[in-house]
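Okay, structure first, notes after.
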Amino acid sequence: MDLSLSNWLRLARFSVQNPRDGARRIMAMDLPMNARWAALALMAVASALLAHIVFSMAVMSDPSLAPAIPSPLSTAVLQGGVLLVTVWLVHWVGRRRGGQGTLGNAVSLVAWLQFIMLLVQVIQIVVLLLIPPLGAMIGFAAIGLLLWMMTNFVAELHGFRSLGAVFAGILVTLVALAFGLAILLILIGA
């Protein structure tokens with residue numbers, strides 16, 4: 001297996017163009033479980049680093065924001081938690097709906113999707129530096145790309161045929177998760 005950056009970038013581009021085929025290629029790698037979890041952890045750390053680059057850019061333009069910036073460690077822990085919840089939801093909800101996906105493949109696909117989104121974030125940072133108004137447009141496009149790829153990855157992981165039903169399931173899960181978090185925050189008085 002060629003682990004060069006150029007190979008990963010080619011596979012990322014292929015996955016964006018053909019998400020289900022890209023998902024199949026990632027699952028076919030059949031990495032050991034510890035490598036899958038390590039990739040997920042690496043994506044959490046890389047996400048935190050990129051977030052702090054963006055935070056630094058914001059503080060440079062408005063120094064009053066500095067006290068609101070969390071520590072890199074807390075950002076990495078939060079990002080890791082979000083990725084773990086995503087893995088669990090992708091696996092558990094898909095299985096509850098009759099899917100056949102494994103936890104290991106869910107970990108691989110969530111880590112891979114996060115890698116692709118990190119590449120998009122790098123592009124967004126460069127564009128923000130060069131043409132700031134386009135940065136927000138890339139952000140909206142990234143959300144669309146995330147939902148499109150997540151829909152295809154979940155469908156491929158679990159063997160679902162209907163992308164519409166998978167997309168609806170993702171939206172319902174997100175709404176239920178937001179509702180549950182709101183209730184939890186109310187209960188703890190936050």
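The structure displayed is predicted, hence computed values, not measured ones.
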Please give me the minimum heavy-atom distance between [X] and [Y], naming the atom from each residue.
X: Leu11; Y: Arg25; value: CD1-CD, 3.8 Å
X: Arg95; Y: His158; value: N-CE1, 3.6 Å
X: Trp112; Y: Ser15; value: NE1-OG, 3.0 Å
X: Asn105; Y: Thr102; value: N-OG1, 3.1 Å
X: Ala12; Y: Phe115; value: CB-CE2, 4.2 Å
X: Ser47; Y: Gln79; value: CB-CG, 3.5 Å

Hydrophobic clusters here meaning ILVMFWY residues chained together by side-chain heavy-atom distances under 4.5 Å, can you tell me if [X] and [Y] are in one?
X: Leu157; Y: Leu145; result: yes
X: Val77; Y: Leu42; result: no
X: Leu147; Y: Phe160; result: yes
X: Val110; Y: Trp148; result: yes
X: Leu181; Y: Val93; result: yes

- Message: Apply side chain to side chain contact (heavy atoms under 4.5 Å, CB included) to residues Leu119 and Gln124 and explain how you reach the verdict.
- Response: CA-CA 9 Å; Leu119 295 175; Gln124 185 178 17; over 6 Å; no
Nearest 0.5 Å, what's the [atom1]-[atom2] distance between [X] and [Y]?
X: Ile138; Y: Ile143; atom1: CD1; atom2: CD1; value: 12.5 Å
X: Leu163; Y: Ile170; atom1: CG; atom2: CD1; value: 9.5 Å
X: Leu174; Y: Leu89; atom1: CG; atom2: CG; value: 8.5 Å
X: Leu184; Y: Phe179; atom1: CG; atom2: CZ; value: 12.0 Å
X: Leu128; Y: Ile123; atom1: CG; atom2: CD1; value: 12.0 Å
X: Arg96; Y: Thr173; atom1: CZ; atom2: OG1; value: 12.0 Å

- Message: Heavy-atom count check: over 12 atoms from other residues, nucleotides or ligands less than 6.0 Å from Met137 CE?
- Response: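 No, CE of Met137 has 12 or fewer neighbouring heavy atoms, counting only those of other groups under 6.0 Å.
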- Using modelled atom types only, decide if a donor and an acceptor are shared between the side chain of Ser74 and the backbone of Pro70 within a distance under 3.5 Å.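 It does not hold such a pair.
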- Give a yes or no on whether the backbone of Val107 and the side-chain of Arg36 come within a donor-acceptor separation of less than 3.5 Å.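 No, because the side chain of Arg36 does not come within donor-acceptor range (under 3.5 Å) of the backbone of Val107.
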With the side chain counted from C-beta on, respond yes when [X] and [Y] share a heavy-atom pair under 4.5 Å apart, and no when they do not.
X: Phe153; Y: Glu156; value: no
X: Leu50; Y: Ile125; value: yes
X: Leu40; Y: Leu84; value: yes
X: Pro72; Y: Leu49; value: no
X: Ile116; Y: Gln121; value: no
X: Ile69; Y: His52; value: yes
X: Leu5; Y: Leu9; value: yes
X: Val90; Y: Met150; value: yes

- Item | side-chain contact (heavy atoms from CB on, under 4.5 Å) partner of Thr151, chosen from Leu171, Val166, Leu146 |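 Single side-chain contact (heavy atoms from CB on, under 4.5 Å) partner of Thr151 among Leu171, Val166, Leu146: Val166.
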- Task: Report the hydrophobic cluster partners of Phe140, with the cluster defined as I, L, V, M, F, W, Y residues connected by side-chain heavy atoms closer than 4.5 angstrom, directly or transitively.
- Result: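 Members other than Phe140 - counting any ILVMFWY side chain reachable under 4.5 Å - there are none.
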